[in-house]
Peer 1: 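For reference, the structure I am asking about is given below.
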Amino acid sequence: MRTIRIELGSASHDAQVGANILDRIGELARAAGLKPGSCAIVTDSTVEKLYAARVEDALRKSGFTPVVISVPPGEASKSLPTLELLYDRMTTIGLDRNSVVFAVGGGVVGDLAGLAAATFLRGVPLVQVPTTVVGQVDSALGGKTAINHRHAKNLIGAFYQPRLIVADVTTLATLPDREFREGLAEVIKYGAIMDAPMIADLERDLDAILARRPELLEEVVARSLMHKAAVVGADEHESGLRKTLNFGHTIGHAIEASAGYGSYFHGEAVAIGMVAAARLSSKYAGLSADEASRLARLIERAGLPTAMPAGWHSGDFLRALGLDKKRAAGAVEFVLLDRLGHSLTKSLLLDDIVSPLR
């Protein structure tokens, strides 16, 4: 098991990465200072069948009294009605301010349960237990919690740090192939923005990673989390450096919102967004055409889409792009690359974004 420390002052916490550590979740929670007693396991109906009983058993052995709250799988669950369902169940269970919410699942569950924990009784302890690649390498760390609005992804949310992250890489073995591959978009992102040697390592090891060799999965997850931990520790609330983690996400989020949540997996939309951002980087930031092509080839080898969807420049897409959280004074702050492994931000008007992509 590898321990990554996220340094955030009074909100500092650990991320534990390893194989078969799900069975130690109660022990790890108590070691993190969490009090046994009533708690909620928030998951979706797919993950519930695979891991809920195992998590329940491990928590009971450490003195917790868990109740499972299951929601439908998929992006549609990141909604106000589903959030209200969580509040209703948490009230019925009788959670208090010492009760822990364990978010067991992918990014949707992590975002939804995280927002519920952040706002129920003005905040109860949260443990993120990601079971997808996206969750383990990205969304579980950093404290971003949110639900979607019909006009934009993650429009309603809060920064709320977990007390602990438990990433068991053996849970990735049960992911459908498409879901596994989408998570690699976030892994590739770290190489693109801050670790050029990681791009070379991914090019070398991609076949073994796609075969889900546990030792390589542990390395990929730990390396990704170390990068994100360094960024979040320096900029918790996305006022500067942390914005670089949005590489590929500005266009990706607009694709998700305009296509209808669930049409594209998050990582698929981000993959398209990274290829588009690389094209914009060649025009506005000096990224070489060779490096832009190299990034696109790696994304394609990972089995991810690279082309903008048909009709992408529709009114719905432009409206979603204009609602991006990073907009200011009529422009959108875009993360670009001047070379692989190094990023910068640049404010672009909508026409500056759309014209080079046509």
Peer 1: By side chain to side chain donor-acceptor pair (under 3.5 Å), which residues pair with R204, not counting sequence neighbours?
Peer 2: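 R204 satisfies side chain to side chain donor-acceptor pair (under 3.5 Å) with D201 once adjacent residues are dropped.
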Peer 1: Begin with the C-alpha distance, continue with both residues' side-chain angles, and end with the deciding distance and a verdict on side chain to side chain contact (heavy atoms under 4.5 Å, CB included) for L210 and F180.
Peer 2: CA-CA 8 Å; L210 290 171; F180 181 84; 4.2 Å; yes
Peer 1: May I ask you to say whether E56 pairs ionically with R60, meaning some side-chain N is under 4.0 Å from a carboxylate O?
Peer 2: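 Answer for the salt bridge query: yes.
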Peer 1: With a 4.5 Å heavy-atom cut-off, do Q136 and T171 have their side chains touching?
Peer 2: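 Yes, their side chains come closer than 4.5 Å.
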Peer 1: Within the side chain of R301, is there an N or O that forms a donor-acceptor pair under 3.5 Å with the backbone of A296?
Peer 2: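 Not a single qualifying donor-acceptor pair exists.
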Peer 1: For the residue pair F120 and T91, establish whether any side-chain heavy-atom pair is separated by less than 4.5 Å.
Peer 2: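 The answer is yes, as the side chains (C-beta and beyond) meet within the 4.5 Å cut-off.
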Peer 1: Does this structure show an ion pair linking D168 with R24, if we count only N-O contacts that are shorter than 4.0 Å?
Peer 2: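 Not counted as a salt bridge, because no side-chain N and carboxylate O are separated by less than 4.0 Å.
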Peer 1: Which heavy-atom pair separates P305 from A271 by the least distance, and what is that distance?
Peer 2: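 Distance-wise, the nearest heavy atoms are O-CB, 3.6 Å.
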Peer 1: Tell me, do I353 and I251 make a side-chain contact under 4.5 Å, heavy atoms counted?
Peer 2: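 In short, these two side chains touch, coming nearer than 4.5 Å.
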Peer 1: Measure from the side-chain N and O atoms of S45 to the backbone N and O of P72, and report whether any donor-acceptor pair falls under 3.5 Å.
Peer 2: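 No; zero donor-acceptor contacts below 3.5 Å.
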Peer 1: Answer yes or no: does atom CD of E7 have more than 12 heavy-atom neighbours from other residues, nucleotides or ligands under 6.0 Å?
Peer 2: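 Yes, because the 6.0 Å sphere around CD of E7 holds more than 12 heavy atoms from other groups.
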Peer 1: Is it true that, when you exclude R122 itself, more than 12 heavy atoms of the residues, nucleotides or ligands shown sit nearer than 6.0 Å to its CZ?
Peer 2: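 Counting other residues, nucleotides and ligands, CZ of R122 stays at 12 neighbours or fewer.
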Peer 1: Using only atom types and a distance under 3.5 Å, with no angle test, would you say the side chain of K78 pairs donor to acceptor with the backbone of L112?
Peer 2: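 Answer holds: no.
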Peer 1: With a 4.5 Å cut-off on side-chain heavy atoms, are I188 and I299 touching?
Peer 2: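 The answer is yes; the side chains approach within 4.5 Å.
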Peer 1: Between atom OG1 of T306 and atom CD of E268, what is the distance when rounded to the nearest 0.5 Å?
Peer 2: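 T306 atom OG1 to E268 atom CD measures 12.0 Å (nearest 0.5 Å).
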Peer 1: To the nearest 0.5 Å, what is the distance between CD on E179 and OG1 on T174?
Peer 2: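 So the gap between those two atoms works out to 9.0 Å.
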Peer 1: Checking side chain to side chain contact (heavy atoms under 4.5 Å, CB included) for the pair V17/I4: CA distance, chi angles, key distance, verdict?
Peer 2: CA-CA 8 Å; V17 181; I4 294 98; 3.8 Å; yes
Peer 1: Heavy atoms, side chains only, cut-off 4.5 Å: are Q161 and L8 in contact?
Peer 2: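 SC-SC contact between Q161 and L8 confirmed.
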Peer 1: What closest approach, in Å, do K35 and V100 show between heavy atoms, and which atom pair accounts for it?
Peer 2: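 Of all heavy-atom pairs spanning K35 and V100, the closest is O-CG2, 4.4 Å.
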Peer 1: If we only count heavy atoms from C-beta on, is the V220 to V133 side-chain gap below 4.5 Å?
Peer 2: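 Not in contact.
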Peer 1: For a side chain to side chain contact (heavy atoms under 4.5 Å, CB included) check, start with the C-alpha distance between E186 and S224, then their side-chain angles and the critical distance, and finish with the verdict.
Peer 2: CA-CA 8 Å; E186 297 288 357; S224 298; over 6 Å; no
Peer 1: For residues L298 and R294, determine if any side-chain heavy atom of one lies less than 4.5 Å from a side-chain heavy atom of the other.
Peer 2: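 L298 vs R294: side chains apart.
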Peer 1: Determine, using the 4.5 Å side-chain heavy-atom cutoff (strictly less than), whether V134 and I255 are members of one ILVMFWY cluster.
Peer 2: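 No; tracing contacts between hydrophobic side chains, which count when under 4.5 Å, never links both residues.
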Peer 1: Please confirm whether the backbone N or O of L85 pairs with a side-chain atom of D88, one donor and one acceptor, at under 3.5 Å?
Peer 2: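 No; judged by distance alone, with no hydrogens or angles, the pair does not exist.
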Peer 1: Between D96 and S99, is there a donor-acceptor pair closer than 3.5 Å when you use the side chain of the first and the backbone of the second?
Peer 2: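 Yes, because the side chain of D96 sits within donor-acceptor range (under 3.5 Å) of the backbone of S99.
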Peer 1: Between L336 and T345, is the side chain to side chain contact (heavy atoms under 4.5 Å, CB included) condition met? List the steps.
Peer 2: CA-CA 6 Å; L336 303 176; T345 57; over 6 Å; no
Peer 1: Applying the 4.5 Å side-chain criterion to the ILVMFWY set and letting contacts propagate, would I199 and V270 be lumped into a single cluster?
Peer 2: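 I199 and V270: one cluster.
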Peer 1: Assess the side chains of T119 and Y160: does a donor N or O sit below 3.5 Å from an acceptor N or O?
Peer 2: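 No, no side-chain donor-acceptor contact under 3.5 Å.
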Peer 1: State whether R297 and E300 are salt-bridged, where the test is any N-O pair (Lys NZ or Arg NE/NH1/NH2 against Asp/Glu carboxylate O) under 4.0 Å.
Peer 2: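 The answer is no: the pair does not qualify as a salt bridge.
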Peer 1: Using a strict threshold of under 4.0 Å (side-chain N to carboxylate O), is an ion pair present between D316 and R319?
Peer 2: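 Here R319 pairs with D316 in a salt bridge, since their nearest N and O are under 4.0 Å apart.
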Peer 1: State, without any angle test, whether S293 and D290 hold a side-chain donor-acceptor pair at a distance under 3.5 Å.
Peer 2: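 Result is no, nothing qualifies.
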Peer 1: Would you kindly say whether E256 and H266 are connected by a side-chain donor-acceptor distance under 3.5 Å?
Peer 2: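 Checked: E256/H266 side chains pair up, N/O donor to acceptor below 3.5 Å.
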Peer 1: Indicate yes or no for a side-chain donor-acceptor contact from T82 to the backbone of S77 under 3.5 Å, with no hydrogens or angles considered.
Peer 2: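 It does hold such a pair.
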Peer 1: Can you list the residues that meet the ring pair (Phe, Tyr, Trp, His ring centres under 6.0 Å) rule with F317, with sequence neighbours excluded?
Peer 2: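 For F317, the residues satisfying ring pair (Phe, Tyr, Trp, His ring centres under 6.0 Å) (neighbours in sequence not counted) are W312.
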Peer 1: Donor-acceptor check, side chain of R242 to backbone of G142, threshold 3.5 angstrom: yes or no?
Peer 2: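 Yes, the answer is positive, given that a donor and an acceptor are paired below the 3.5 Å cut-off.
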Peer 1: Sub-3.5 Å donor-acceptor pair from the side chain of E182 to the main-chain atoms of G267, do we have one?
Peer 2: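 Confirmed, E182 side chain pairs with G267 backbone.
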Peer 1: Check the angle between the aromatic planes of F64 and F102 and answer parallel, tilted or perpendicular using the 30° and 60° thresholds.
Peer 2: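 Aromatic pair F64/F102 classed perpendicular.
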Peer 1: Quick check: does any side chain N or O of S343 sit under 3.5 Å from a backbone N or O of T244, one acting as donor and the other as acceptor?
Peer 2: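 It does not hold such a pair.
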Peer 1: Can L175 be reached from L225 by stepping across I, L, V, M, F, W or Y side chains whose heavy atoms are under 4.5 Å apart?
Peer 2: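 Result: yes, single cluster for both.
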Peer 1: Measure from the side-chain N and O atoms of S62 to the backbone N and O of L59, and report whether any donor-acceptor pair falls under 3.5 Å.
Peer 2: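 No, S62 side chain to L59 backbone: no donor-acceptor pair under 3.5 Å.
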Peer 1: With a cut-off of 6.0 Å (strictly less than), are more than 12 heavy atoms of other residues, nucleotides or ligands near CG of D177?
Peer 2: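 Enclosed: over 12 neighbouring heavy atoms sit under 6.0 Å from CG of D177.
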Peer 1: Search all heavy atoms of K144 against all heavy atoms of D111 and return the closest pair with its distance.
Peer 2: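 The answer is O-OD1, 3.5 Å.
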Peer 1: When hydrophobic residues are tied together by side-chain contacts of less than 4.5 Å, even through go-betweens, does Y87 share a cluster with V108?
Peer 2: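 The answer is no; the residues belong to distinct hydrophobic clusters.
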Peer 1: Ignoring hydrogens and geometry beyond distance, is a side-chain donor-acceptor pair present between E333 and N246 at under 3.5 Å?
Peer 2: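 No pair is found: no donor N or O on one side chain lies under 3.5 Å from an acceptor on the other.
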Peer 1: Minimum heavy-atom separation for V101 and V124, please, with both atom names.
Peer 2: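 It is CG2-CG2, 3.8 Å.
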Peer 1: Mind listing the closest non-hydrogen atom pair of K243 and D235 along with its distance?
Peer 2: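 Smallest interatomic distance, heavy atoms only, reads N-OD2, 4.3 Å.
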Peer 1: So does E27 pair up with K61, basic N to acidic O under 4.0 Å?
Peer 2: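 Judged by the 4.0 Å cut-off on N to carboxylate O distance, E27 and K61 do not form a salt bridge.
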Peer 1: Show the nearest heavy-atom pair for residues L321 and V332, with the distance to one decimal.
Peer 2: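 So the minimum-distance heavy-atom pair works out to O-CG2, 3.7 Å.
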Peer 1: Check whether I165 and Y190 end up in the same hydrophobic cluster, where Ile, Leu, Val, Met, Phe, Trp and Tyr are linked by side-chain heavy atoms less than 4.5 Å apart.
Peer 2: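 Yes, it is one cluster - the side chains of I165 and Y190 are joined through contacts under 4.5 Å.
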Peer 1: Under 4.5 Å between any side-chain heavy atoms of I69 and I93, yes or no?
Peer 2: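 SC-SC contact between I69 and I93 confirmed.
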Peer 1: In a check of salt bridge (charged side-chain N to carboxylate O under 4.0 Å, His left out) between E218 and each of R2, R213, R223, which one passes?
Peer 2: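 Going through R2, R213, R223 one by one, the salt bridge (charged side-chain N to carboxylate O under 4.0 Å, His left out) with E218 is satisfied by R2 alone.
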